[in-house]
Every structure is written in C-alpha cells, then in structure tokens.
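Keep in mind that this is a model prediction, so the values were computed, not measured. Numbering of ligands and ligand atoms starts at 1, following listing order. Index from 1, following the sequence.
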Amino acid sequence: MTAEKVATILGFPRMGKDRELKKCVEGYWSGKINVEELISISDKIKEVHWELQVKNGLDVIPVGDFSLYDHILDTAFMFNVIPERYIKATTNGEGLTGYDLKNIKAKVDTYFGMARGITMSGNIETDGSAQGVQALEMKKWFDTNYHCIVPEIDDSTSYALVGDSLVNDYKKAVKLGYRARPCIIGPVTFLHYCNNVGKRLSKADHAKKLVSVYVDLIKNLAGAEWIQLDEPVLSLDLDQEYVDLFLNTYNELLSGVHGITKVMLVNYFGAYEDNFTKIVSKLPIDGIHFDLVYGLSDFESTHAIDKIKNTISAISLGVVDGRNIWKTDLAISLEKITQICKSIGNAEIDIWFNSSCSLLHVPHSLDAELGRMDSEILQWISFSVEKIRELSLLKNAYIEPSLFTEQINKNKHEVTSRLTSQKVKSIPVQQQLKEIPSTSTDESVFSRNTDNYERRRVQRELFKLRKFPTTTIGSFPQTLEVRKKRQEYLKGIISKKEYDTYIREKTKKCIEWQLELGLDVLVHGEYERTDMVEFFGEHFTGFCKTNGGWVQSYGSRCVKPPIIYGDISRPKPMTVELIEYAQSLLKGTGKYVKGMLTGPVTILRWSFVRNDQSLQTTATQIALALQKEVLDLEVAGIKIIQVDEPAIREGLPLRKKDQISYFKWAANCFKLVSQHVSNSTQIHTHMCYSDFNDILHLIKDMDADVLTIENSKSSLKNFKGVKGYYEADIGPGLYDVHSPRIPLVEEMKARVHELLKIFTIEQLWINPDCGNKTRTEREVDLALKNMVQVSRELEASF
Ligand code: GLN
Ligand code: ZN
C-alpha cells in the first residue's frame, strides 16, 4: 500500500453555527426541553458538524471531540470516575439503591450535577443554600481560555467502562459513511487534571488501574483504523515521576491494543522538546502528531524524524493554527511539509494535514461575519470551517501542485496584504514604542518615581481612610433592564443620547446606593460595559469585534473575543467623562470614586492576538494606550485608579524557561500604565481565579498601592514568610461573589482575624472577592450591608 495523504482535524467546536448546543443544554437545565430532546438535538448537532467537515474537504473526521459540557468531564464519566455524592444527590437524597445507568435522565443529571452542583430542591439557579452538592472544580485547559472540569479520584475510585457514547458515535459516523477516528484524552493528561483526594494511592497507582479500562474501550472500538490519544502534557516540563508514569502507562496500553488498532499520539500547544527523547521515541506508537504552529522547535533539526521514521506508519502535521483566527500562509506550510517529507525519505509513512490542536478554540465559521466585518480584515481571517478548507487545499496542492497554483497565490496575496496594510501599521504608535526603553535590559524602567513607602505616606495623609476601609471590585449588577437598554441602543431603537442618559442615571443611583451602604471608596458600577475587554476594544484602534465569533469558555458559556489586527492607540478618552461625573456626585463627602480600567495583559489574553509580532509588543502598545487614559483621569481629578489584571496568572507560558521573561514583561506592561502618575494617585489592581502564592514575586513587582484579590482557593500563606513580606495594602476577598449565598457578618469577621495573622491592620481592606456584575441587586445589597458592618465592628474593636 502506498502512503496516503489525509486532511483531518484534531477536533471541531461544539457549540454550532448559532450556538445551538448552548441553547439546548440551557433549555434542558431550565426544564424547557426533556432529556430525550436534549439527546436528539445534540445528536443532530454532531451529525451536522460531521457532514460539514466532510463537505469542506476532510478525509477523516474526529469523533469523541463533541461534549455536552466538557471533554475531561466526559472522560471521567465514561470511566466511572463519578463521586458517589453526585449519584446520591441526583436521586434527591433518597439514597442509592442501584444507580441505573440505563436511566438516561439520572445519567445526564449526574453528569451535569458534577459540572454545576446539585441542590436538594433540584434548581441551582434559584436555590443558593448550602444544601446539596457543590460542583467539581474547574481548571484552565493548559494556557487556553477554555476551562475544564477537574475530576476527583480517591482510593476507592473503581475504574470501569460505563459510558458508551464514544463507541456509539463512532458506529453512527461509520454507518453514515464517514471515515471516522475516535479521539480520547490520554490517560496521563486525564490523570494530570484529576484531583487525587485519596490518602493511599498515588497517581501512578491510579494509572495502573485505569490503563486496563482504556484498553477495554479501545477494544470496543475495534474496526477503527486509528485511535487518537491526546496527551498535551507532553508540552509541559515533566519530571522523572511523570516520565516513568508515561512510559509505564503507554507500554501497557500499547501492548494491550496491539494488533487491534493503530494509535496516534497527539501533543499540542507546544513542542515535545526533551519529552521526545525521554518518552515518545521510546514508545512503540504507530503515529505521532506535531504542533507545527506552537511547537516548531521540534523541527529545528531532523533529529525527531530520524528517530521514528522507521517505526511509525503515519505522521500528523499540525500546520493550521487551531487557536488563533489568522489565515494560514499556505505556501509557507507547504514548504514546511515538503521539508519534513524530504527528511522522511523513502519510508512509507502516511501524511496527515492537520490542525495544530482542536479547533475548539476558534469560532464556527465566517458566515456570520460576511457583509458585517470590514472586508479587508475579513480576508485575513479563517474560523473553523475555513480552516478545514485550508487543510483540504493544502493536501490537494501537495499532491498536485500545478492544479492549485491559483488558489495558493490568492492565499499568498491575502496573507501578505495584512502585513503591508495601512490598517495594521500606525507610524506614531511604532515611533512611541521605539522611544520606550527595552524591557529586557532593566527591570525598573517602568517603576514609579518613588518607593512605595513614600507613596503610602502621601496617600494616607490625603485620603484619610478609616481602618479597614471598604470598597468593591467595580461592577454592579448588570440587570435585565441594563442589558435591554443596551440592546435597544445597539438596534437603533433608542438614541445614543438616551442610552448615555440612562447609563448616567444608573451610575448616579449606584453612587447613592454605595453612600447609603457606607462604603468608603466607591465605584461607578460599570453599567456601560458588556465585559472587561469589549468596551476597550471598541475604543482602541487596531481592534475589531466579530458578530458571531463565539468560543466556548466552559460548559454552555461562550465568549466573543475581539480581534487585535493592528497597532493599538487610544484616539480619545474612554472612561473619563463617566468617572468624572460619578466623582462629581461625591462633592462634599470627602469620598473618592475609583477610575476603572482593564489592564494590558488581560486585554491581550482575552482577545485573538496578532501573530506578526510578539505578545510583549502588543501588550506594550495596549499599556501605552491605557497610560494616556490614566493620565487623563488624573488630570480630571480622579485620585484612585484601578487597573484590573484578573488574567495575568493565566498568561503564564507552559514551559519554565519561557516563564521568566513573561513575568518580567507582564509586570512591566502593568507598571507602564501608571508609570507617570503622581505619588498621591493611588493605583489599585484586582486579580482573581488563581493561586497567588506562586506568583507573589510578580504581584510585588507590579507594585500597585492596593491589591484586591480573590482568595477562596488559596490561603495567601506565602504573603508572609520565607519568601518575603507583602507590604502594600491588600483586600483579600471576604466572600465569594459567584455564589448567591449572603455572607454572614461573623464568618467574614473570622476570616479577617485569620488574615490578620498574615497582614497588618494598616494593610487590610474590606471587599468582596470579585465584581458584583452577575448578582441580583438584592443579593448585593444584603451582602454589602453585612460587609460594611464587619468593617465598622472591626474598626471599633482595634
Ligand atoms: N472590575 C471588574 C468587575 O468588577 C473586574 C472583573 C474581574 O475580575 N473579572 O467586574
Ligand atoms: Zn475578579
């Protein structure tokens, strides 16, 4: 048999063209549709997607990439990694007399229960009580913006093959006439994401038990030519323990399925680097996937290929970027592929033209942008369907170059037009960038002029805040009414003037409300913003928004990241008018309102970024644009400015060697924003969703005057101890705003007493752990009343 050329992808986005999946699972949660409808609608979505992929040129389609909520949760569920408490709660506390897996509703409710929690009343939206069972934790999927569920394993976890949806999907796809490839999250990556709460068994012990279930599963898939095992942990620095875990697990797995099917080992988000020699080259695998967008370094020499070319039967080349939206430069990709094929020489190896990773991280198709997005920008972009067409074209052009020169030339013209477009380059921005010192040479280049002791002294004198000052993180409830008004404005039903007046009124009420509550440092409520990035994206040059560019963030939640395509500047003030107005309402009170901005790293992380310059350069441009805003706010008399950086921790590169420079430029970009403000201007920042103990050095380096921080997940233990003190002001969130539960005065006070073991009275601020945006006004009112009371009682007792 001669070697075959195959166009395929590692996975397709699940939501559907019009987010049908979101609508259907949310419809099920709210009782609008029943479980049979949920299954039949989601089956239909899968089938539509298979057809779409083949129609657009794929030879082989992945199955098992679809999920009702999350693929790690699916894997856990399939292997019976289901904590008993969820099964119990699904049967409404009646206890379990035989969990009937054939009962489809019980199954689906247990599945969603693990993801979202279960209350005894059965409705997690309205019942905020502590009864019931909490959801499993979520974690970022490597360095993407996708969050997966963290399964829980313990000593009694009994692995078994209980789910059959993968096998069923595979059979269905085959029956429909497709060449399908089952995709499974590999055992090591799966265990990597599991939380081991057991005392006795290590992850290696678990792997020994788990591997036989993988073998069972693969045996059930007999008939499939290939199985795809995703092991993106291979993009991480793996210690010896992991290397051994990998080798042992895979030797066993591969010998168990030998002769049944071929295994394609898949890594993405980076290069294998040393894991190639230490692990991959030692395993008898049949095929190997390379991420040629983010892991190109594996091909700096032909070393990798030489090692495996005589033992594998297929090589998968991930040349189309699965996590960014730029059109592939097909000529360059063809060149890369040709080079690799040359080093393979005469070996009979199939070539897969593949996406770098699953297309989960990019939107569905450009259809929703046609006629809406600027046509020049549109020709630079590919979403999932367009990326599939690229892969098909690449394969065809590789086989028969002469037939496709026109299309390859057209592509070349389009991708190069971006690099030379007037839209992309701004001379003043480039000039300004040149003028700022190189961040690689000096760590203190962007520091404020004096040290933080002096700033603190000046600010204490000016603000005269009470002990345990209270504040909030920024947003107040975005009620249905607020969202409705915005829709009306966007649809042209109400004028800009009417909308602005409405926003002002809301802001005014918000200020009055906070005064009534007795808060010390106020916010304007962020009613004018849908989210933290879009608002700034709309005001900066170099950004464009999409109409339907939805990407799954977790479960049914999708985000619509803006696209950064060009040099970034801020043509005019964005927030000054409204903040100034809010401050004017405080005349005579001696109180201040915080200016509220999103920081450069967070804006970068939550957008699709340019791939024609470094992340650092783009972040520096954003920082310079924000710097202008900060200075304008200062001129307008705003004395306190918050620059939010909730995403700063998640930007951390996967490999340690890349992390050092990230820490440096991320902190520098943050500092650049407020570099030129006077000592008396107080800079706040806010961070959430992470463990902060391991980035204390970064936090210190950012040098904010006040840090409000979500900390339900970490104890902040390192903030005082061997690794050094944290000396600036800090407001560790006293309660979780993501829960509708009203925090009690006594429990918040107890929390402060705990915090006083780490921080001084002078340092501590009293605040929630994140913005109030998603809460109801009643919940916010009650929670903040209690919170202010905590501050007052503490003030009186110290
Ligand atoms: N200022 C923002 C808000 O309150 C911060 C949100 C966040 O940290 N994610 O909504
Ligand atoms: Zn937050």
(request) Flag this pair as yes if the NZ/CZ of K639 is under 6.0 angstrom from the six-membered ring centre of Y592 and inside a 45 degree cone about the axis; otherwise no. (result) no

(request) Determine whether the side chains of H524 and T507 contain a donor N or O and an acceptor N or O closer than 3.5 Å. (result) no

(request) To the nearest 10 degrees, calculate the angle at the Zn ion (ligand 2) involving NE2 of H686 and SG of C770. (result) 120°

(request) Answer yes if the side chains of D520 and W765 hold a donor-acceptor pair under 3.5 Å, and no otherwise. (result) no

(request) May I ask you to check if ligand 1 and H686 share an N or O to N or O distance below 3.5 Å? (result) yes

(message) Taking 4.0 angstrom as the limit and counting only heavy atoms of G474, give me the atoms of ligand 1 inside it, by number and element.
(response) 4 (O)

(message) With nothing but distance in play, are any N or O atoms of S475 less than 3.5 Å from an N or O of ligand 1?
(response) yes

(request) Could you list which atoms of ligand 1 come closer than 4.0 Å to a heavy atom of M596? (result) 1 (N)

(request) Return the residue, atom name and 0.1 Å-rounded distance of the protein heavy atom closest to atom 6 (C) of ligand 1. (result) M532 SD, 3.4 Å

(request) For G771, counting its heavy atoms only, list the atoms of ligand 1 lying under 4.0 Å from any of them. (result) 3 (C), 4 (O), 10 (O)

(request) Return yes or no for this condition: an N or O of N772 is under 3.5 Å from an N or O of ligand 1. (result) no

(request) Run the numbers for me: atoms of ligand 1, each under 4.0 Å from some heavy atom of C770, listed by number. (result) 7 (C), 8 (O), 9 (N)

(message) Is it the case that over 12 heavy atoms from other parts of the model lie below 6.0 angstrom from the NZ atom of K628?
(response) yes

(message) Under a 3.5 Å threshold, yes or no: a donor from one side chain and an acceptor from the other, between Y146 and D70?
(response) yes

(message) Under 3.5 Å between any N/O of I473 and any N/O of ligand 1: does that happen in this structure?
(response) yes

(message) Any carboxylate oxygen within less than 4.0 angstrom of a Lys/Arg side-chain nitrogen, looking at K509 and E505?
(response) no

(message) Is it the case that atom CZ in R460 sees more than 12 heavy atoms from other parts of the structure closer than 6.0 Å?
(response) yes

(message) Pairs of nitrogen or oxygen atoms closer than 3.5 Å, one from E526 and one from ligand 1: do any exist?
(response) yes

(message) Under a 3.5 Å distance rule, please check whether E645 uses its side chain to pair with a backbone N or O of V601 as donor and acceptor.
(response) yes

(request) State the atoms of ligand 1, each with its element, that fall below the 4.0 Å cut-off from a heavy-atom position in D644. (result) 1 (N), 2 (C), 5 (C)

